[in-house]
Chemist: 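Dropping a structure here in structure tokens format, bear with me for questions.
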Amino acid sequence: MTIHIGAAPGDIAETVLLPGDPYRAKWAAETFLSDVRQVNAVRGMLGFTGTWNGHPVTIQGSGMGMPSLSIYVNELIRDYGAQTLIRIGSCGGMQDHVGLRDVVLAMTASTVTSPSSTIFREVNFAPGADWSLLRAAVAAAEAKGTRTHVGGIYSSDTFYDERPDLNEQMVRHGILAVEMEAAELYMLAARYGRRALAVLTVSDHLITGEALASEHRESSFGDMVEIALNAAFP
Ligand SMILES: Nc1nc2c(nc(Br)n2[C@@H]2O[C@H](CO)[C@@H](O)[C@H]2O)c(=O)[nH]1
């Protein structure tokens, strides 16, 4: 076990799905995995391991924000040997053509800062998705007929934004959506030579002000989990 994850060695699969919300980890594990067992409850950040189509899979909550995700992903990689890490989460749409319940596959993830900024200092590192995962996720989304967008997203440090000018620049440069975790996931995967991807469902919209009704959140979240699993095991 580690400081923040109580799982025993061998309890964590090489493939890990990372929702921000631990209760979504529980729901996704119980909905999609077989032989599910809870492997973490430290600080209530639930994690579960089971199998999908015979493949071992762990679904571990990451918390909200890059600092929280950074803690879990560091320990999953360094202490448990995670090889493929896929964020499954929600995001806010930032383009007119990106609608509620659409799926966004993050090819890149821009930030103002990140927990890795201290390493990069003046370098503008470009956090990008693993190509094999991205390609498989596009194929899975197309096979499902899910409205999907592939492009850059913005990993913000704040939910209650005080910088409307930032959003304006992100929209101007074609950023599809905003969330708060993917960039650090991509930077850690690059640092440790692992595969990472963020598969996101649009649950609110910064331009229209719309938000997904709670009854639609679960079904759209399910499509995203299926796409992530099919991307991990094409
Ligand atoms: N900053 C930001 N984060 C968002 C937004 N919509 C969603 Br869903 N999120 C994500 O949802 C959580 C905040 O509700 C964070 O973990 C973000 O990744 C949004 O409009 N803005």
Side-chain angles (χ1 to χ4, degrees), residues 16-28 43-47 59-73 85-116 127 129 146-149 151-171 173-188 196-225 227-228:
V16 182
L17 270 53
L18 293 157
D21 179 349
Y23 290 113
R24 271 195 170 158
K26 178 173 169 57
W27 175 82
R43 293 172 178 251
M45 194 54 74
L46 302 178
I59 305 182
Q60 169 65 50
S62 72
M64 293 190 284
M66 287 184 275
S68 177
L69 175 134
S70 189
I71 288 172
Y72 292 98
V73 169
L85 301 106
I86 302 179
R87 165 162 159 69
I88 47 173
S90 303
C91 62
M94 295 184 80
Q95 299 288 339
D96 290 328
H97 67 281
V98 175
L100 291 188
R101 305 185 74 174
D102 289 0
V103 165
V104 173
L105 302 176
M107 188 159 64
T108 64
S110 300
T111 65
V112 173
T113 64
S114 81
S116 294
T146 307
R147 244 174 78 82
T148 304
H149 310 274
I153 65 165
Y154 168 38
S155 296
S156 171
D157 283 327
T158 56
F159 184 82
Y160 296 101
D161 237 351
E162 302 296 336
R163 289 288 308 275
D165 59 315
L166 262 183
N167 285 345
E168 186 184 320
Q169 288 305 328
M170 295 295 172
V171 173
H173 288 77
I175 293 294
L176 298 173
V178 57
E179 46 87 78
M180 297 175 70
E181 293 83 20
E184 181 64 7
L185 170 62
Y186 288 2
M187 286 186 248
L188 290 170
L197 175 67
V199 182
L200 306 167
T201 187
V202 180
S203 64
D204 60 277
H205 209 286
L206 274 71
I207 296 176
T208 66
E210 296 170 290
L212 210 49
S214 53
E215 63 267 23
H216 293 148
R217 282 175 181 265
E218 190 168 293
S219 61
S220 63
F221 195 72
D223 289 348
M224 176 177 50
V225 177
I227 289 168

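Order of appearance sets the numbers: ligands from 1, and atoms from 1 within every ligand. Excluded from the calculations below are hydrogen atoms, water molecules and symmetry mates; all remaining heavy atoms, backbone and side chain alike, are included. Not measured: the values here are computed from a predicted model.
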Chemist: What does the 4.0 Å heavy-atom contact list look like for ligand 1?
Modeler: M64, R87, S90, C91, G92, T158, F159, V178, E179, M180, E181, S203, D204, L206
Chemist: Among residues at least two apart in sequence or on other chains, which ones pass side chain to side chain contact (heavy atoms under 4.5 Å, CB included) with V98?
Modeler: Q95, V104, H149, L176, V202
Chemist: Only pairs at least two apart or in different chains count here, so list each salt bridge (Lys or Arg N to Asp or Glu O under 4.0 Å) that has a residue in residues 88-105.
Modeler: D102-R147
Chemist: Run the side chain to side chain donor-acceptor pair (under 3.5 Å) test against E181 and tell me which residues pass, sequence neighbours left out.
Modeler: R87
Chemist: Charged N to carboxylate O under 4.0 angstrom, R163 versus D161?
Modeler: no
Chemist: Any luck finding a side-chain donor-acceptor pair between S156 and E179 under 3.5 Å?
Modeler: no
Chemist: Looking at L18, is its backbone amide N or carbonyl O close enough to the side chain of Y72 to form a donor-acceptor pair, meaning the two atoms are under 3.5 Å apart?
Modeler: no
